Number of protein chains: 2
Amino acid sequence: MKGHDHAHHKEDLAERLKQAHLSITPSRLAILELLHESHRVWSIEQLIEALKRRPKALKGSLVFTTIYRCLLKLEEAKMVRRVDFGDGVSRFEFDTGEGHHHHHIVCTQCNAIEALEDCHIKEIEKNVKKLGYQNISHRMEFFGLCKGCS
Amino acid sequence: MKGHDHAHHKEDLAERLKQAHLSITPSRLAILELLHESHRVWSIEQLIEALKRRPKALKGSLVFTTIYRCLLKLEEAKMVRRVDFGDGVSRFEFDTGEGHHHHHIVCTQCNAIEALEDCHIKEIEKNVKKLGYQNISHRMEFFGLCKGCS
DNA sequence: ATTTTTTTGCAAATCATTTGCATTTATTTT
DNA sequence: AAAATAAATGCAAATGATTTGCAAAAAAAT
Ligand SMILES: [Mn+2]
Ligand SMILES: [Mn+2]
Ligand SMILES: [Zn+2]
Ligand SMILES: [Zn+2]
């Protein structure tokens, strides 16, 4: 059962790579599998460590640059989303699509990261409090085409 | 009139430095003056250029490291606030106090930066649209003490 | 005025990210 | 299936903003 599921996922992910005109490589599949299974954000270093510890580890060595370039491509292809907490390290998560826009909360003490499912801006703060967080602050900036440029 | 105002500001800023137990130096005063007068965010490079072009330019050379360390101190002292748009460059603005928490919008075309006065999260997006921006996206993350840490 | 503390200037170190290039792998064409 | 073409990978080196070390200069305290 699980085997089938995994196989299905792998095929599915490979298919999405094909649709995005990206070569199907072990690195890319391994990254996608891990991101898809785990609903969390990963730094590149974390990804490398996790991939090394996998039962079916990649044959080739796991190199920063390779993972980095894979993630760039996957980001372009909208299969992976980059998350930035402003600490100088990029993190990545599986991109579940337009309909699943969301944010995260980072513990200022232990740096634990939790997803805030869905983004109802007006209700987010309440939900954050409900999760039991204290001393909540947030980071938010907007981006868009200004009058002069559009 | 203007002379008086400026003098007043300078004294005022110097006073705030004193209260924060920070030495009063030409660099710090110059930075504070510029930030205080201009209601905008500045990168360190921008600050240096602007300070060079000032009528009463600083005697000493304007060095990145010095401005950098001044800003760090001023940030600690809550006189300056750091703004991060995730482009790898830190920007700074005068900190007008707790009551004036706000965000900004960056044009994805010309990189113009505009302040969004006040932060009524639920209404912000509407206001952004009213300002004439298109293709609006935003960056927002929360930070706080999680249950386990508090 | 002298001493003590802090800041400044310049160079060098950091650190995550990005790039160059030869080699290997994947895809496309015979 | 083999050869040719295009793309990805591994390793080293380059970037670029930020951060640090330390001696000289300036500010604050005595
Ligand atoms: Mn997430
Ligand atoms: Mn502002
Ligand atoms: Zn959102
Ligand atoms: Zn806010």
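Here the structure is a predicted model, which means the values were calculated and not measured. Note that these values count all heavy atoms, side chains included, but never hydrogens, waters or copies made by symmetry. Within every chain, numbering begins at 1; the chains are lettered A, B, ... in the order of the sequence lines, protein sequences first and strands thereafter.
Under the 3.5 Å distance criterion, with hydrogens and angles disregarded, no donor-acceptor pair is assigned to the side chains of B:His9 and B:Glu37.
Residue A:Arg28 places at least one side-chain N or O under 4.0 Å from the OP1 or OP2 atom of D:dA8. The side chain of A:Thr66 contributes an N or O atom lying less than 4.0 Å from OP1 or OP2 of D:dG10. Between B:Ser27 and C:dT7 there is no side-chain N or O to OP1 or OP2 distance below 4.0 Å.
Taking atom NZ of B:Lys73 as the reference point, atom C1' of D:dT19 lies 14 Å away to the nearest angstrom. One atom, CD1 of B:Ile67, and another, P of C:dG9, lie 8 Å apart when rounded to the nearest Å. B:Leu47 has its CG atom 15 Å from the C1' atom of D:dA17, to the nearest Å. Atom CG of A:Leu72 is separated from atom P of D:dA7 by 17 Å (rounded to the nearest Å). Nucleotide C:dT18 holds its P atom 12 Å from the CG atom of B:Asp87, rounded to whole Å. Per the geometry, CG belonging to A:Leu29 stands 10 Å off P belonging to C:dA26, to the nearest Å. The interatomic distance linking A:Arg91 (CZ) with C:dA16 (P) rounds to 11 Å, in whole Å. Nucleotide C:dT7 holds its P atom 13 Å from the NE2 atom of B:His21, rounded to whole Å.
The side chain of A:Tyr68 approaches C:dT17 more closely than any other nucleotide in the set D:dT18, C:dT17, C:dG9. Distance from the side chain of B:Pro26 is smallest to D:dA27 among D:dA27, D:dT9, C:dT18. Nearest nucleotide to the side chain of A:Ser90, out of D:dA28, C:dT17, C:dT8: C:dT17. The A:Thr65 side chain lies nearest to C:dG20 when the options are C:dA26, D:dG21, C:dG20. With C:dT27, C:dT8, D:dG10 as the choices, the nucleotide that has an atom nearest any side-chain atom of B:Thr25 turns out to be C:dT8. Of the candidates D:dT19, C:dT17, D:dG21, D:dG21 carries the atom nearest the B:Arg69 side chain, counting heavy atoms from C-beta on.
Ring orientation note: the planes of B:His102 and B:His100 are tilted relative to one another, at an angle of 30° to 60°. In this structure, B:Phe142 and A:His138 have tilted ring planes: the angle between them lies in the 30° to 60° band.
Distance check, rounded to the nearest 0.5 Å: NE2 of B:His21 to NZ of B:Lys18 gives 12.0 Å.
In terms of position on DNA chain D, the residue among A:Leu22 and B:Ser23 whose nearest nucleotide sits closer to the 5' end is A:Leu22.
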Please report the C-alpha distance between A:His120 and A:His101 in whole Å, then the side-chain angles of each, then the deciding distance to 0.1 Å, and finally whether the ring-ring contact (aromatic ring centres under 6.0 Å, His included) criterion is met.
CA-CA 10 Å; A:His120 305 295; A:His101 168 96; over 10 Å; no
